[in-house]
Enquirer: 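For reference, the structure I am asking about is given below.
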Amino acid sequence: MEDLRAASPTVVVVEDEPQIRRFVRTGLEAEGCHVVEAGTGERGLVETGTRKPDLVILDLGLPDRDGVDVVRDLRSWSTVPILILSARVDETDKVAALDAGADDYLTKPFGVAELLARVRALMRRTRMAGGEGPLIAFGEITVDLARRQVIRDGSEVHLTPIEYRLLALLIANAGRVLTHRQLLREVWGPSHAEDTHYLRVYMTGLRRKLEMNPAQPRHIRTESGVGYRFVLDT
Amino acid sequence: MADTRPDPDALLARIESDAERARQGKLRVFFGACPGVGKTYAMLNAARALRDQGADVVVGVVETHGRSETAQLLKGLELLPPRVVAYQGRELREFDLDAALARKPALILVDELAHSNVAGSRHPKRWQDVEELLAAGIDVWTTVNVQHLESLNDIVGGITGIQVRETLPDRVFEQADEVALVDLPPDELLQRMKEGKVYLPQQAERAIRNFFRKGNLIALRELALRRTADRVDAQMREYRSDQAISEVWEAKERLLVCLGPGAGGDRLVRAAARLAGNLHADWIAVYVETPRLQRLSETNRDKILRTLALARELGAETATLAGQEDAQTLLTYAVSRNVSKLVVGKSLRTGLSRMLRAPLSDRLSLLAEDVDVYVVAHEAEAPAAGKALSEPFTLDREPVPRTRWQGYVWAGGICAFATAVSQAVTPWFDLANIIMFYLLGVVGVAVRYGRGPAILASFLSVLAFDFFFVPPKLTFSVDDTRHLFTFAIMLAVALTISNVAAGLRYQTRIALYRERRTRALNELGRELAGALLPENIVDMSRHHLEGLFQCQVCILLPDAQEKLYSPMLLPEHKELPLDTAIAQWVYDHQQPAGLGTQSLPGAPMYYLPLKAPMRTRGVLALLPSQKRLLFQPEQARLLETFAAQIALALERVHYVEVAQEALVRMESERLRNGLLSALSHDLRTPLTVLAGLADSLPLAGPPLPPAQAEIAQAIRAESLRTSTLVSNLLDMTRLQEGHIQLKREWQPLEEVLGAALQTLAIPLARHEVHVDLPADLPLLEFDSVLMERVFCNLLENAAKYTPAGSRIEIGARNEGDTVAIIVADDGPGLPPGREESLFEKFTRGQDESAVTGVGLGLAIVRAIVQAHKGTVRAENRPEGGARFVITLPTGDPPAIPLEA
């Protein structure tokens, strides 16, 4: 059963523009997905409730409902991965949607290849959820989650407690976008949710310890104005 | 503890005055006891020394008085040519203020600060020229003799017996930044005189020889030394208060000097000025107009007004009070103004008159409980003192009030009428009742015609009563001597009634006047409150002012270039002797000028700046039909109040306009923003569709032949580029409006660079990118999304305009207040000479080149960097290639708590 679903995952596309729905469907179907289209937020919620999809692609600029609201609604009863589509002007909406529990975003205009890459990453996350062992490897780094050890080229890298907590959080959410607020709340606590400079300084420190070229990071990537994305393999 | 803190208001005032001073030129006074001590010589010597150090020194005016030593010193100094003025057939050489202002040297020497300018100059006094030089930021050195100080004028006159006419307000001397005392012992000075080294005009030699007696010289020297010592003392005190060393926390003193009709008012004012100066107190000069004083001759009243003007010049606030009784009125006023010391002149009355009416000083002492009363000795006034005053105007006489003689005729008539009535009723009434008829008559006369006719009526009544009713009738002789007593009582009662009734009449007049004034103010205030346009205000104000001050009025308002214009030029305005140059000067300098003032007193009109809290709003020009209606202290104050109200109304209207504009701007802003996002959505959605559809074309069916796949790719690329162009255009529009909301956060530069390089990974794939940031680079405060745009645009340009394999270097360095970020490449470089114009919109480095783009990238870069208060410039590297340098302010980065 598990394998069958994985072979033909269902994706609900909530988007009011039919032409966008069309090319998204073409792309997804070429990837072997089963696509359900919804033109409004309400319709999208209904489809998600009945079809139990593996992924929801949600446009933020819907005619009937606020996209962020739809995310909140969805998250109250489902853990399905959500990929947001947004125009560049909706900067704050995008962050709000991610804060509300969306997993990733794409800014219009986007290419089909880009879309499919994101979709694959999110699907893999679901498949792998809880499945990976205590050893995580990326680049030259191996992280032993059980022993809280970080090894680089065979020797141990010393991380401060906060740095380790950050890294663990990033690994647990690999492939997703984590907003500044989410990271700050998890690591520093709710009272520091606005102190983005703490986060940025520690992220820089982490990159210097883990990245080959900290100025051009491959794993701990910055999403300007939004947050960070941890990428295991590039 | 708290007492040692400096007063915040005082501190603020000092900071403001310091700031004012910093803009102003510095005044240095070479101060001496008398002519001949070598002030000019010392000044020129010091100026030469400064000139030799390379300072820009100009001699504005220096009197050599034919002394060769002094003339020698002038050689080699730049001399400002004098202004030659023809005056009464002679050619006078005067200091040329305008030439000095135009030349604008660092330092100018202007000899003889107390000098009076020839009639027709801009200012009557040279010290006013100097004030204008200082205001223009030019340093001035000058010379002053002790006898020229206004407050010491009478003392020097007393010592030497010579009245000096050229005087200088003490404040000018007080406000000098430096005073250098030039001192010469009297014996040496006399020796120099014998040797002919001191200039003496031929004609007045004798008088002046008298002046240079050794005793005089010693006394003058002492005065000069003491004055300088006072100044040093004051500086010391100011320093102490600056450093808040002062332990004493005292309320500021306020002094009230009461001017009377007697002689010696000027002396009293000068004494009060000195006292106030010593006490560092504010002072007020008042004149109480009691009914008694109301009857003074016009000459005397003018004298009092002149004395008030002198007091104003010496720094006093002045007021005219009206009341029945001087002592009480004074005290009430003193209490209301928080006055701690009263200064009055010593009464000259002796003997009987002194017994009948105690002198003011005595009455004040009796009434005043917590106010000190100072009595200043009167002396016969030096005859020249009145003329020495620099009061530039004399008040016109009040028109003779309603013909007086009519009152006297009526006094006689009413007595006759009383007599007739008494005759008629005499059979039924006795004498006591008849007296009442007469008294009634006196009351009537007093109320209607005032004191003089009432007194006449009193006497006539007594005489008529004696003549017609007291036996023996029809003679003035009296049978019963007891009737003499009756006459005395009757006269006394009649006179008292006259007095009281006349006083009442006067009070009524004052009350009426006040009421009229208050009403006028209220009316103006009410009307101005409803005004919506400056033109309304001008019209209303003119209407009110013309009625109240009986003058012709013109109000000038500034245009956008701060030049004055008359918003409503009526035909009669053309005939006004309005001088716009004076009005402009008044507007620029924010002080009154023209008729009755210290600046250009020869002009026929009076110009008053309309000062509102924020700034001057215009100039009020008045052509009075009678000067006294404008310059009597009460009227002058009323005029000032009017001016303030008008200015306030103009300011209010101005801000209403500003608010309306802001509202309109906000509304159009909202509209435009709505339009922009709608446009952005409507343009971007089809482009997204286009790109997406082209992209999915190969996926939709069987694989495309290579040629078609290529076309699909081209469609995709073009629509993506068009989408970028749309974004750029919209962003540029937003940025240009200057209303983009920056989401500034403190962050490391490294992070945003990383994001930009990530975004441009594909275009930069064929280039070699090197990032070299110092490890200790501080956090910077910027909007990460916009700053990523900046680096994306710069890097994209670098990728676009350099051949594959070129090296792109990104570096940064901390420069203290700023951080410089450099993006450099080793490509072909920028077109020489066009580095700056690249940042303009729709400008491209290579015209019509094969590389696509519309030239918005760098314009956006500059707009974003400037929104962050930074700068960006482009240049060619000496070793080849282009370099872009962005500087951002460092600011004050927050501390990050480190982990233990």
Side-chain angles (χ1 to χ4, degrees), chain A residues 16-31 61 85 87-92 107-116 160-163 180 188 194-205 207-208 211 213-218 220-226 228-229, chain B residues 676-677 680-681 684-701 716 719-720 723-724 727 730-731 743 745-759 761 769-773 775 779 781 783-789 810 893-894 896-900:
Chain A
D16 60 318
E17 186 61 48
Q19 295 304 335
I20 292 183
R21 284 207 302 271
R22 174 194 278 199
F23 83 76
V24 167
R25 169 190 279 272
T26 314
L28 287 173
E29 279 174 354
E31 193 70 8
L85 303 180
R88 213 162 50 78
V89 281
D90 310 329
E91 211 59 60
T92 42
T107 305
K108 290 181 192 172
F110 52 88
V112 174
E114 239 177 319
L115 170 76
L116 294 183
T160 66
I162 288 185
E163 282 173 344
H180 293 130
W188 275 270
E194 304 301 325
D195 294 336
T196 53
H197 54 283
Y198 284 22
L199 179 60
R200 290 186 155 118
V201 168
Y202 276 98
M203 279 300 188
T204 309
R207 280 195 189 115
R208 286 191 185 151
E211 291 279 0
N213 184 355
Q216 297 178 59
R218 298 174 58 189
I220 306 174
R221 293 189 182 170
T222 308
E223 298 287 328
S224 281
V226 177
Y228 295 91
R229 179 202 303 277
Chain B
L676 276 181
S677 45
S680 142
H681 180 259
R684 233 187 297 249
T685 305
L687 287 168
T688 305
V689 170
L690 215 57
L693 288 177
D695 228 6
S696 62
L697 203 57
L699 307 173
R716 172 180 186 269
S719 27
L720 285 181
S723 170
T724 313
S727 301
L730 292 172
D731 285 357
K743 214 179 137 213
E745 286 169 342
W746 291 98
Q747 49 198 303
L749 183 64
E750 196 179 281
E751 198 172 278
V752 70
L753 273 177
L757 289 170
Q758 178 75 49
T759 312
V769 180
H770 288 264
V771 182
D772 183 19
L773 301 177
L779 295 187
E781 195 182 24
D783 182 313
S784 54
V785 177
L786 290 179
M787 209 42 83
E788 188 188 326
R789 260 331 264 301
I810 304 170
I896 307 287
L898 283 176
E899 277 182 274

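Below, chain A is the first sequence line, B the second, and so on; all start at residue 1.
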Enquirer: Measure A:Gln19 against the heavy atoms of chain B and call it side chain, backbone, both or neither at under 4.5 Å.
Expert: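 Both parts, backbone and side chain.
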Enquirer: Rounded to the nearest 0.5 Å, what's the gap from OG on A:Ser224 to CE on B:Met787? Could you check?
Expert: 11.0 Å
Enquirer: Kindly write out the residues that satisfy side-chain contact (heavy atoms from CB on, under 4.5 Å) with B:Pro894, not counting sequence neighbours, or none if the list is empty.
Expert: A:His197, B:Trp746
Enquirer: Sort B:Gln747 into side chain, backbone, both or neither according to what part of it lies under 4.5 angstrom from a heavy atom of chain A.
Expert: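 Contact with chain A: backbone and side chain both.
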Enquirer: If we define contacts as heavy-atom pairs under 4.5 Å, which of B:Glu788, B:Arg716, B:Glu751 has the most with chain A?
Expert: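 So the answer, after comparing B:Glu788, B:Arg716, B:Glu751, is B:Glu751.
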Enquirer: Going by side-chain contact (heavy atoms from CB on, under 4.5 Å), name the residues that satisfy it together with B:Val771, two or more places apart in sequence or in a different chain.
Expert: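 Expected list: A:Ala215, A:Gln216, B:Leu753, B:Leu757, B:Val769, B:Leu773, B:Ile810.
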Enquirer: May I ask you to test the B:Ser696-A:Val112 pair for a side-chain heavy-atom distance under 4.5 Å?
Expert: yes
Enquirer: Quick one: CG on B:Leu699 to CZ on A:Arg25, what's the gap to the nearest 0.5 Å?
Expert: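 The CZ atom of A:Arg25 is 14.0 Å from CG of B:Leu699, to the nearest 0.5 Å.
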Enquirer: Mind listing the closest non-hydrogen atom pair of A:Pro109 and B:Arg684 along with its distance?
Expert: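 Minimum heavy-atom contact is CD-CD, 4.3 Å.
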Enquirer: What pair of heavy atoms forms the shortest contact from A:Ala113 to B:Asp695, and how long is it?
Expert: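 A:Ala113 and B:Asp695 have their closest heavy atoms at N-OD2, 3.9 Å.
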Enquirer: Can you tell which part of B:Leu693 gets under 4.5 Å to a heavy atom of chain A, answering side chain, backbone, both or neither?
Expert: both
Enquirer: Are B:Glu745 and A:Arg200 close enough for a salt bridge, meaning some N to O gap below 4.0 Å?
Expert: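 Yes, charged N to carboxylate O under 4.0 Å.
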Enquirer: Counting heavy-atom pairs under 4.5 Å with chain A, which one of B:Pro748, B:Gly754, B:Ser723 comes out on top?
Expert: B:Pro748
Enquirer: Would you mind checking which part of B:Gln758 comes under 4.5 Å of any heavy atom in chain A, side chain (CB onward), backbone (N, CA, C, O), both or neither?
Expert: side chain
Enquirer: I need the B:Thr685 OG1 to A:Asp16 CG distance, nearest 0.5 Å.
Expert: 8.0 Å
Enquirer: Determine whether A:Arg207 and B:Glu750 satisfy the following criterion, salt bridge (Lys or Arg N to Asp or Glu O under 4.0 Å), listing intermediate values before the conclusion.
Expert: CA-CA 10 Å; A:Arg207 280 195 189 115; B:Glu750 196 179 281; 5.2 Å; no
